[in-house]
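Each chain gets a letter, A, B and so on, in the order its sequence line appears, and its residues count up from 1. These figures come from a predicted structure and were not determined experimentally.
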Protein chains: 2
Amino acid sequence: MDGKDRQIVRALQANARMTNQDLAAAVNLSPSPCLRRLRNLEDSGVIRGYSVDVDAKAYGLPMMVFIRIRLERHTGSHIQEFEARIRAIDEVLECHLMTGPADYLLRVVVAGLDHYEDFIRNRIHAIGGIASIDTSIVYGTIKKTGVFPALPS
Amino acid sequence: MDGKDRQIVRALQANARMTNQDLAAAVNLSPSPCLRRLRNLEDSGVIRGYSVDVDAKAYGLPMMVFIRIRLERHTGSHIQEFEARIRAIDEVLECHLMTGPADYLLRVVVAGLDHYEDFIRNRIHAIGGIASIDTSIVYGTIKKTGVFPALPS
DNA sequence: AACTCCTTGGCAGATAATGCCAATTCTGAA
DNA sequence: TTCAGAATTGGCATTATCTGCCAAGGAGTT
């Protein structure tokens, strides 16, 4: 992982479907070594996968919610159980373990308030062992980028 | 935006660099109409762009932080100023306007505690008009997916 | 039933990906 | 400084993919 690899990463974060030729041009390499570096990044796990940024409202999921959750017990088995259940819920796009009063922060997308109520009642509360749930609904997104800041190479 | 478009979206969210032929096979279309649908989704803005999921630690940004910010004043000009300044900060990958006691939720990546202190002092506090800042450091990520839940087609 | 509109599938030329090999650059040691 | 070894690069040829065009199929309407 050197400066060139970081350049490749940032170029792809800005447009992951650019052709290898364009990518090579963007980072001042010829296509061959550029592709080899890319495969290395993929094989070594630095690049986890490629995704697409979709307008959730247009797709049919107009409501985005952040949820902070605190558990009643922090023993290993309760944590394992909770995390496994969370991973299995399709509406949960992200779940992070954090410092602070809440244990977890979840990012969730739903089709509306009805769907959200159903989600909380039948998916989250169904897990059990939850001490508190704190919901914040997203009004709007000021910024959303997948491009990392440049590092002093 | 019909069921087929949603299939295309989810397939690409799972692997945005798959070839059009593979995508077509995955959604039971031939390459031609599949590509046309894809171009439609791109041109209509449903697809905002393509990105790559990179291991931030391997890249050199081992620390991820969520920050909740409340403003002192909520007049239009203060809000515009704050949002414009936030958009210009490379370390801020996401910024959402939310319900609840905090106005904004930011997702930030930094190279370490020193970098974070510099970020708060010289980027965030420099904006002015901020009533409170509440930091939560991410210990680990339980789940992170770009794939939307399927909708009743 | 006939018409129209939208979507699809196949074909062909243009474009891009990728394995191989020689040439170059870089590194470390004498 | 000089040299040897290793890693990286660039070019080429083959293979695979993309993409515009046109005719065919299907759904909905009058």
Side-chain angles (χ1 to χ4, degrees), chain A residues 1-61 111 146-153, chain B residues 1-61 111 146-153:
Chain A
M1 173 60 76
D2 56 8
K4 270 278 182 276
D5 283 336
R6 273 185 275 268
Q7 271 187 280
I8 289 173
V9 162
R10 282 204 307 282
L12 282 176
Q13 282 177 327
N15 176 15
R17 263 177 91 89
M18 78 198 305
T19 66
N20 182 57
Q21 300 200 350
D22 291 345
L23 177 62
V27 301
N28 291 314
L29 278 179
S30 70
S32 283
C34 184
L35 186 64
R36 206 156 345 148
R37 279 173 176 272
L38 181 55
R39 294 289 177 255
N40 273 345
L41 291 170
E42 290 171 348
D43 295 345
S44 66
V46 175
I47 287 180
R48 297 210 189 87
Y50 301 93
S51 192
V52 57
D53 181 20
V54 175
D55 182 333
K57 186 181 293 184
Y59 177 91
L61 296 166
V147 184
F148 287 159
L151 287 183
S153 76
Chain B
M1 172 60 75
D2 57 8
K4 270 276 182 278
D5 284 335
R6 273 185 275 268
Q7 269 188 282
I8 289 174
V9 161
R10 282 203 306 283
L12 283 176
Q13 282 177 328
N15 177 13
R17 262 177 92 89
M18 76 198 304
T19 66
N20 183 57
Q21 300 199 354
D22 291 345
L23 177 62
V27 301
N28 290 313
L29 278 178
S30 71
S32 280
C34 184
L35 186 64
R36 209 157 340 153
R37 278 173 176 272
L38 180 55
R39 293 291 177 255
N40 273 346
L41 291 170
E42 290 172 347
D43 295 343
S44 67
V46 174
I47 288 180
R48 296 209 190 88
Y50 300 92
S51 193
V52 56
D53 182 19
V54 175
D55 183 332
K57 187 182 294 185
Y59 177 91
L61 296 166
V147 183
F148 286 158
L151 287 183
S153 74

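Here A:Asn40 contributes atom CG and A:Ile8 contributes atom CD1; the two are 9.5 Å apart, rounded to the nearest 0.5 Å. Note that the OG atom of A:Ser44 and the CZ atom of A:Arg39 stand 12.5 Å from one another [nearest 0.5 Å].
Looking at B:Arg6, its side chain never comes within 3.5 Å of a backbone N or O of B:Ala150 through a donor-acceptor pair.
Looking at residues two or more places apart in sequence or on another chain, you find a side-chain contact (heavy atoms from CB on, under 4.5 Å) between A:Gln7 and A:Lys4, A:Arg10, A:Val27. For A:Tyr50, there are no ring pair (Phe, Tyr, Trp, His ring centres under 6.0 Å) partners at least two apart in sequence or on another chain.
Whole-Å rounding puts the A:Leu35 CG to D:dG10 C1' distance at 13 Å. Taking atom CG of B:Asp2 as the reference point, atom P of D:dG26 lies 18 Å away to the nearest angstrom. Rounded to an integer number of Å, the gap from CG of A:Leu38 to P of C:dG19 is 12 Å. D:dA7 atom P lies 13 Å from atom CZ of A:Arg36, rounded to whole Å.
Terminal axes of the helix from C:dA1-D:dT30 to C:dA30-D:dT1 (five pairs each, C1' rotation axis) are separated by 40°, to the nearest 10°.
Listed candidates were C:dA17, D:dT9, C:dT7. Nearest to the side chain of A:Pro33 is D:dT9.
Side-chain contact between B:Leu61 and A:Pro149 is present, with heavy atoms from C-beta onward closer than 4.5 Å. Annotation: side chain of B:Leu38 is in contact with side chain of B:Ile47 (closest heavy-atom distance under 4.5 Å).
Here the closest non-hydrogen pair linking B:Val46 and A:Ala58 is CG2-CB, 3.9 Å. Minimum heavy-atom separation, A:Gly45 to B:Asp55: O-CB, 4.1 Å.
Residues from residues 11-32 of chain B that place a heavy atom under 4.0 Å from any atom of DNA chain C, listed by number: B:Leu29, B:Ser30, B:Ser32. For residues 39-50 of chain A, proximity to DNA chain C is found at A:Arg39, defined as any non-hydrogen atom under 4.0 angstrom from a strand atom.
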Only distances under 3.5 Å count here; give the side-chain donor-acceptor pairs of residues 11-20 of chain B to other protein atoms, sequence neighbours excluded, each with its distance to 0.1 Å.
{"residue": "B:Gln13", "atom": "OE1", "partner": "B:Phe148", "partner atom": "N", "Å": "2.8"}
{"residue": "B:Gln13", "atom": "NE2", "partner": "B:Gly146", "partner atom": "O", "Å": "2.9"}
{"residue": "B:Asn15", "atom": "OD1", "partner": "B:Arg17", "partner atom": "N", "Å": "3.2"}
{"residue": "B:Arg17", "atom": "NH1", "partner": "A:Ala16", "partner atom": "O", "Å": "2.7"}
{"residue": "B:Arg17", "atom": "NH1", "partner": "A:Met18", "partner atom": "O", "Å": "3.2"}
{"residue": "B:Thr19", "atom": "OG1", "partner": "B:Asp22", "partner atom": "N", "Å": "3.2"}
{"residue": "B:Thr19", "atom": "OG1", "partner": "B:Asp22", "partner atom": "OD2", "Å": "3.4"}
{"residue": "B:Asn20", "atom": "ND2", "partner": "B:Pro31", "partner atom": "O", "Å": "3.1"}

B:Arg37 and B:Asp2: side chain to side chain contact (heavy atoms under 4.5 Å, CB included), yes or no, with the steps? CA-CA 10 Å; B:Arg37 278 173 176 272; B:Asp2 57 8; 3.0 Å; yes
